[in-house]
Engineer: 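Have a look at this one.
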There are 2 protein chains.
Amino acid sequence: METATKPERREAICGAVFELLGEVGYDRMSMDAVAARARASKATIYRSWENKPELVMEALTQRFGGTPEAPDTGSLRGDLLSLLTAACTVANGDDGAIVTGLLTAASRNAELARTLHRVLFEMKNAVYETMIARAVERGEVPPTADPTLLHELIHAMMLTRRLWGSELDEEYVTRVVDRILLPVLRQDA
Amino acid sequence: METATKPERREAICGAVFELLGEVGYDRMSMDAVAARARASKATIYRSWENKPELVMEALTQRFGGTPEAPDTGSLRGDLLSLLTAACTVANGDDGAIVTGLLTAASRNAELARTLHRVLFEMKNAVYETMIARAVERGEVPPTADPTLLHELIHAMMLTRRLWGSELDEEYVTRVVDRILLPVLRQDA
């Protein structure tokens, strides 16, 4: 009888996926290499994940998945600064390089693109909804303020700057919040 | 005595560069393959361009370089719509795919990144300066409206959507102009 791969074993295998993504990138990472790195049998790997996008999806969900808590500093500006500062820390680190690598692979792989978009973007929508709902309640922005638009903007500004290799620092964060995000959110519909 | 490669010959060689970028991508394109495709001798290629980034730089400059005319429709909104619609046409076409490919290669190649940034971004700054100067003169935006910020925003929104493989259509253009660009430009400093 087949037994399901245990959670802690799956976690270790996903850890191996992240190591290999950092070392060789998505295109050159094979399922067999993951098995070897995680000291798992190929049978275990192929029983649990049908293909590479599925395996990478689980590894990504484990690392970045779930919906993080929305910051709650008492003001929209404070929340935005806190959110973007946290995002910078991730983007500037090893994980940021791995995500950039995955994104470039995704431009030639529609399935990977859908996976990435789900884990990195759609699963975070709730954070923006919570932040904007609180700001509307406090009367800081009109009820027409659009959390999806905010999410798209933040995502685009961070990703593009990261892609060009520029530093994501405090000065950049403050400029994006004060000159772009707040004016966009405060507009009347 | 060495003779310089003639302009029409350089143009043909740059055309071959673009063909190969579309077919095999930056990483797998060799100077020798360019020579073969353009029916040029390797000596000609290496005499004119020291290395691959230089050759790609010239090909890019030929295709996208120079400063395009700023649109002049009589209103800032009209200018923005016209500019973004033209950018969509390029982004949705073959050249858009080539640029996305180059950008992904640039994330692992600092020299290529600098080249791309110069040709695709810095050389276009004047367009945004002209557009904003006219809008300030017409009293549509305050004199503090920042052309660089506008440029960064447009660039980020178009690039990110293209990277995720979403369509750049009229609806998207109108939303970006009306909900993001105009509110950002109309803010008081």
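Just so it is clear, the values below take in all heavy atoms, side chains as well, and ignore hydrogens, waters and symmetry mates. Because the structure is a prediction, the values reported are computed rather than measured. Order of the sequence lines sets the chain letters (A, B, ...), proteins ahead of strands, with each chain counted from 1.
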Engineer: With hydrophobic residues grouped by side-chain heavy-atom distances under 4.5 Å, do A:Leu120 and B:Met157 end up in a single group?
Structural biologist: no

Engineer: How about CZ on B:Arg28, more than 12 heavy atoms from neighbouring residues, nucleotides or ligands closer than 6.0 Å, or not?
Structural biologist: no

Engineer: Heavy-atom cut-off 4.5 Å, strictly under: side chain, backbone, both or neither for A:Leu182 against chain B?
Structural biologist: neither

Engineer: Which answer fits A:Leu159, side chain, backbone, both or neither, if we ask what part of it has an atom under 4.5 Å from a heavy atom of chain B?
Structural biologist: side chain

Engineer: Check the surroundings of atom CG in B:Asp169: do more than 12 heavy atoms from other residues, nucleotides or ligands lie under 6.0 Å from it?
Structural biologist: yes

Engineer: How about B:Glu170: does its CD atom have over 12 heavy atoms from other parts shown lying under 6.0 Å from it?
Structural biologist: no

Engineer: Between B:Pro183 and A:Val184, which heavy-atom pair has the shortest distance, and what is it?
Structural biologist: CB-CA, 4.4 Å

Engineer: Using the rule that two of Ile, Leu, Val, Met, Phe, Trp, Tyr join whenever any of their side-chain heavy atoms come within less than 4.5 Å, decide whether A:Phe121 and A:Met123 are in one cluster.
Structural biologist: no

Engineer: Checking side-chain contact (heavy atoms from CB on, under 4.5 Å) for the pair B:Trp164/A:His155: CA distance, chi angles, key distance, verdict?
Structural biologist: CA-CA 11 Å; B:Trp164 284 120; A:His155 179 76; 2.8 Å; yes

Engineer: Using a 3.5 Å cut-off and no angle test, enumerate the donor-acceptor pairs between side-chain atoms of residues 76-88 of chain A and protein atoms at least two apart in sequence or in another chain.
Structural biologist:
unit_1	atom_1	unit_2	atom_2	d
A:Arg77	NE	A:Asp178	OD1	2.8
A:Arg77	NH2	A:Asp178	OD2	2.9
A:Asp79	OD1	A:Thr73	N	2.7
A:Asp79	OD1	A:Thr73	OG1	2.7
A:Thr85	OG1	A:Leu81	O	2.6

Engineer: If you measure from CG on B:Leu149 to CZ on A:Arg175, what distance do you get to the nearest 0.5 Å?
Structural biologist: 5.0 Å

Engineer: Could B:Glu152 and A:Arg179 be called an ion pair, given the rule that one side-chain N must be under 4.0 Å from one carboxylate O?
Structural biologist: no

Engineer: With rounding to the nearest 0.5 Å, note down the distance linking CG in A:Leu103 to CG in B:Leu163.
Structural biologist: 5.5 Å

Engineer: Nearest 0.5 Å please: distance from the CG atom of A:Leu153 over to the CG atom of B:Leu153.
Structural biologist: 6.5 Å

